[in-house]
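The block underneath contains the structure these notes are about, expressed in structure tokens.
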Amino acid sequence: MSRKSIGDQELALLHYLAEQGEASVGDVASGYGEPRGLARSTVLTMMERLRAKAYLRRRKAGGVYRYSTATEPDDVKRSAVASFVANTLQGSVSPFVAWMSERAQVSDEELAELESLVADLQSRRKEN
């Protein structure tokens with residue numbers, strides 16, 4: 001099932017809820033919304049949009065809706081990257097890799113992660 005894409009603010013809210021486990025709108029409004037200058041009504045709207053897109057689920061507990069993630073934020077990122085590569089880069093990761101190679105702020109950790117990913121890809125190619 002393909003889900004609708006989400007924006008940066010929605011992704012950040014999804015990360016927040018993933019860390020909390022389960023939370024009411026009031027909890028999210030105070031812990032996530034207030035530090036970002038978002039009104040409770042804005043947080044509620046975002047949460048309901050994420051629920052409509054099947055990224056969040058809710059259950060009623062003690063007369064209050066409790067929201068939790070229906071998917072992991074990393075799965076959402078992977079889906080967004082796949083869509084970007086397929087639609088924007090016409091299925092080729094080369095432009096992205098070229099951009100990464102020109103980027104001056106690649107940390108040692110990022111470089112090690114990239115090297116590990118390339119090694120995994122090479123290993124899988126040899127198996128096939």
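- Note on residues 90-101: no pairs pass side-chain hydrogen bond (donor to acceptor under 3.5 Å, both in side chains), not counting sequence neighbours.
- Contacts classified as ring-ring contact (aromatic ring centres under 6.0 Å, His included) and involving residues 57-94 (residues at least two apart or in different chains) are not found.
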Without placing hydrogens or testing angles, list every side-chain donor-acceptor pair under 3.5 Å for residues 22-31, not counting sequence neighbours.
| unit_1 | atom_1 | unit_2 | atom_2 | d |
| --- | --- | --- | --- | --- |
| E22 | OE1 | R59 | NH2 | 2.9 |
| E22 | OE2 | R59 | NE | 2.9 |
| S24 | OG | G26 | N | 3.4 |
| S24 | OG | D27 | N | 3.1 |
| S24 | OG | D27 | OD1 | 3.4 |
| S24 | OG | D27 | OD2 | 3.1 |
| D27 | OD2 | S24 | N | 3.1 |
| D27 | OD2 | R66 | NH1 | 3.0 |
| S30 | OG | G26 | O | 3.2 |
| S30 | OG | D27 | O | 3.1 |

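- Here Y16 pairs with nothing under the side-chain hydrogen bond (donor to acceptor under 3.5 Å, both in side chains) rule; sequence neighbours left out.
- Closest of all the heavy-atom pairs between L13 and V43 is CD1-CG1, 4.4 Å.
- Going from atom CD of E10 over to atom CE of M47 covers 12.0 Å, rounded to the nearest 0.5 Å.
- Applying the side chain to side chain contact (heavy atoms under 4.5 Å, CB included) test to V106 and every residue at least two apart in sequence or in another chain returns M100, R103, E110, L111.
- Remark: T45 engages R49 in a side chain to side chain contact (heavy atoms under 4.5 Å, CB included) (not counting sequence neighbours).
- With sequence neighbours excluded, no residue forms a side chain to side chain contact (heavy atoms under 4.5 Å, CB included) with D108.
- When hydrophobic clusters are built by joining Ile, Leu, Val, Met, Phe, Trp and Tyr residues whose side-chain heavy atoms come closer than 4.5 Å, directly or via intermediates, V93 is grouped together with L89.
- Not a single side chain to side chain contact (heavy atoms under 4.5 Å, CB included) links A86 to another residue, sequence neighbours left out.
- In D120, the CG atom is crowded: over 12 heavy atoms of neighbouring residues, nucleotides or ligands sit closer than 6.0 Å.
- The ring-ring contact (aromatic ring centres under 6.0 Å, His included) pairs that include a residue from residues 102-128 number zero, where partners must be two or more places apart or lie in different chains.
- I6 and V81 end up in different hydrophobic clusters when Ile, Leu, Val, Met, Phe, Trp and Tyr side chains are linked at under 4.5 Å.
- Side-chain contact between R125 and Q122: absent, with no pair of heavy atoms (C-beta onward) separated by less than 4.5 Å.
- Within the structure, ring-ring contact (aromatic ring centres under 6.0 Å, His included) contacts touching residues 100-128 (residues at least two apart or in different chains) do not occur.
- Note: L50 CG to R58 CZ = 13.0 Å, rounded to the nearest 0.5 Å.
- Residues A70 and A54 come closest through the heavy atom pair CB-O, 3.5 Å.
- The side-chain hydrogen bond (donor to acceptor under 3.5 Å, both in side chains) check on N87 picks up S83, with sequence neighbours excluded.
- Between R51 and E48, at least one side-chain N (NZ, or NE/NH1/NH2) sits under 4.0 Å from a carboxylate O, which counts as a salt bridge.
- Distance check, rounded to the nearest 0.5 Å: CG of D74 to CG of L14 gives 10.0 Å.
- Within the structure, no pair that satisfies the ring-ring contact (aromatic ring centres under 6.0 Å, His included) test touches residues 106-128, not counting sequence neighbours.
- Here the closest non-hydrogen pair linking A18 and T69 is N-CG2, 3.7 Å.
- Note on V64 and L17: separate hydrophobic clusters, where clusters join Ile, Leu, Val, Met, Phe, Trp and Tyr whose side-chain heavy atoms are under 4.5 Å apart, directly or indirectly.
- For the pair R40/E34, no side-chain contact is recorded, criterion being any heavy-atom separation below 4.5 Å from C-beta on.
- A donor and an acceptor atom, one from each side chain of Y32 and Q9, are located under 3.5 Å apart.
- Here the side chains of V85 and F96 are not in contact, with every heavy-atom distance at 4.5 Å or above.
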